[in-house]
A.B. asks: 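I have a structure here, written as structure tokens, and I will follow up with some questions on it.
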Amino acid sequence: QVQLVESGGGLVQPGRSLKLSCAGSGIRFDRRTMRWYRQVQGPQRELVASITSVSTTTYADSAKGRFTISRDNAKNTVYLQMNSLKPEDTAVYYCNAVEKVIGFTRYPEVWGQGTLVTVSS
């Protein structure tokens, strides 16, 4: 069964840190670009950070300097270290495996179920 399972969300005070994890199963994790998105209200999800199969990373402006995305292919896991959290970081955070095409085979994107992060004093 193909799935991504996020963990590590919770309630944290402003200025503190939190580390999210996303464990994958049933996919060739090491070949996938992995992303973290967040969703506050409505259907729109904001791309927070991305890491390619060779660990090239990109960040949203809101995450630069505070968040770090990393991956451990041996554990089929991607992480999002979030430091200096702000109330506006409050959201449901989703892990995503980007669609991959290898030859004539298409591997569709995969989404996790999300984990809630609440930043509040």
Side-chain angles (χ1 to χ4, degrees):
Q1 182 181 1
V2 176
Q3 64 176 355
L4 297 174
V5 179
E6 300 98 334
S7 61
L11 174 63
V12 63
Q13 293 179 332
R16 304 299 291 268
S17 299
L18 207 59
K19 186 173 185 177
L20 305 182
S21 299
C22 170
S25 59
I27 64 173
R28 280 295 305 269
F29 190 86
D30 58 328
R31 292 191 175 189
R32 299 291 195 110
T33 291
M34 301 297 297
R35 292 175 173 168
W36 284 98
Y37 287 80
R38 66 187 180 186
Q39 185 174 16
V40 179
Q41 288 181 345
Q44 193 70 24
R45 293 181 179 179
E46 176 192 10
L47 176 60
V48 177
S50 179
I51 184 166
T52 69
S53 59
V54 293
S55 295
T56 299
T57 59
T58 55
Y59 298 92
D61 287 343
S62 59
K64 286 179 182 176
R66 299 189 300 126
F67 294 3
T68 302
I69 188 171
S70 61
R71 66 191 301 159
D72 185 338
N73 290 335
K75 295 182 179 180
N76 274 11
T77 301
V78 64
Y79 304 97
L80 184 67
Q81 175 68 46
M82 304 186 293
N83 300 328
S84 302
L85 283 162
K86 305 173 182 180
E88 50 264 43
D89 294 318
T90 296
V92 178
Y93 284 74
Y94 293 91
C95 179
N96 169 258
V98 178
E99 178 185 80
K100 181 80 174 182
V101 177
I102 301 176
F104 295 101
T105 302
R106 173 181 169 270
Y107 299 91
E109 70 171 353
V110 183
W111 288 92
Q113 84 289 349
T115 185
L116 176 62
V117 173
T118 303
V119 184
S120 176
S121 55

A.B. asks: Specify the closest pair of heavy atoms between Q39 and Q44, including all atoms of both residues, with the distance to one decimal.
C.D. replies: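 Where Q39 meets Q44 most closely, the heavy atoms are CG-O, 3.6 Å.
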
A.B. asks: What pairs meet the disulfide (SG to SG under 2.5 Å) rule with one or both residues in residues 51-104, with sequence neighbours excluded?
C.D. replies: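 Matches after skipping sequence neighbours: C22-C95.
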
A.B. asks: Apply the hydrophobic cluster definition, ILVMFWY joined by side-chain contacts under 4.5 Å directly or through others, and give me every member besides L116.
C.D. replies: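 Same cluster as L116: Y37, L47, V92, Y94, W111.
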
A.B. asks: Got T33 and S50 here, is their nearest side-chain heavy-atom distance under 4.5 Å?
C.D. replies: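 The answer is yes, as the side chains (C-beta and beyond) meet within the 4.5 Å cut-off.
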
A.B. asks: Is the backbone N or O of K19 less than 3.5 Å from a side-chain atom of Q81, with the two atoms forming a donor-acceptor pair by type?
C.D. replies: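 No, because the side chain of Q81 does not come within donor-acceptor range (under 3.5 Å) of the backbone of K19.
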
A.B. asks: Side chains of S25 and N76, heavy atoms from C-beta outward: is any pair under 4.5 Å?
C.D. replies: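 Counting from C-beta outward, S25 and N76 never come under 4.5 Å.
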
A.B. asks: I need the R32 CZ to N73 CG distance, nearest 0.5 Å.
C.D. replies: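 Going from CZ on R32 over to CG on N73, the span is 12.5 Å.
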
A.B. asks: According to the salt bridge (Lys or Arg N to Asp or Glu O under 4.0 Å) rule, which pairs have a member within residues 71-88, sequence neighbours left out?
C.D. replies: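 Salt bridge (Lys or Arg N to Asp or Glu O under 4.0 Å) check on residues 71-88 returns no pairs.
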
A.B. asks: Return each pair, listed once, that meets salt bridge (Lys or Arg N to Asp or Glu O under 4.0 Å) where at least one residue sits in residues 40-58; pairs must be two or more places apart or across chains.
C.D. replies: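 Pairs touching residues 40-58 that pass the test: R38-E46.
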
A.B. asks: Nearest 0.5 Å, what's the CZ-OG distance between R28 and S53?
C.D. replies: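 The OG atom of S53 is 10.5 Å from CZ of R28, to the nearest 0.5 Å.
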
A.B. asks: Check the pair T115, S7 against side chain to side chain contact (heavy atoms under 4.5 Å, CB included), reporting the backbone distance first and the verdict last.
C.D. replies: CA-CA 6 Å; T115 185; S7 61; 5.9 Å; no

A.B. asks: Apart from V5 itself, which Ile, Leu, Val, Met, Phe, Trp or Tyr residues share its cluster (side-chain heavy atoms under 4.5 Å, direct or through members)?
C.D. replies: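 Grouped by the 4.5 Å side-chain rule, V5 forms a cluster of one, so the answer is none.
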
A.B. asks: If the condition is salt bridge (charged side-chain N to carboxylate O under 4.0 Å, His left out), which residues does R66 pass it with, not counting sequence neighbours?
C.D. replies: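 Checked R66 against salt bridge (charged side-chain N to carboxylate O under 4.0 Å, His left out); matches are D89.
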
A.B. asks: List in chain and number order the residues that pass side chain to side chain contact (heavy atoms under 4.5 Å, CB included) with S121, two or more places apart in sequence or in another chain; answer none if no residue qualifies.
C.D. replies: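 Testing S121 for side chain to side chain contact (heavy atoms under 4.5 Å, CB included), a comparison that skips the adjacent residues, returns P14.
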
A.B. asks: Apart from V78 itself, what residues make up its hydrophobic cluster when side-chain heavy atoms of I, L, V, M, F, W and Y under 4.5 Å apart count as a link, directly or indirectly?
C.D. replies: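 Taking Ile, Leu, Val, Met, Phe, Trp and Tyr as members, V78 shares its hydrophobic cluster with V2, L4, V12, L18, L20, I27, F29, M34, W36, V48, I51, Y59, F67, I69, L80, M82, L85, Y93, V110, V117, V119.
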
A.B. asks: Under the side-chain hydrogen bond (donor to acceptor under 3.5 Å, both in side chains) rule, what pairs show up with a residue in residues 8-17, not counting sequence neighbours?
C.D. replies: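 Qualifying pairs, neighbours excluded: S17-N83.
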
A.B. asks: Kindly give the cluster partners of I102, where membership spreads through any ILVMFWY side chain lying under 4.5 Å from a current member.
C.D. replies: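 Noted: I102 shares its cluster with Y107.
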
A.B. asks: Strictly by salt bridge (Lys or Arg N to Asp or Glu O under 4.0 Å), give each pair with a member in residues 52-62 just once, sequence neighbours left out.
C.D. replies: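 Residue pairs passing salt bridge (Lys or Arg N to Asp or Glu O under 4.0 Å), neighbours aside: D61-K64.
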
A.B. asks: Applying salt bridge (Lys or Arg N to Asp or Glu O under 4.0 Å) as the test, list every pair that has at least one member in residues 106-121; sequence neighbours left out.
C.D. replies: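 Sorted result for residues 106-121: E99-R106.
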
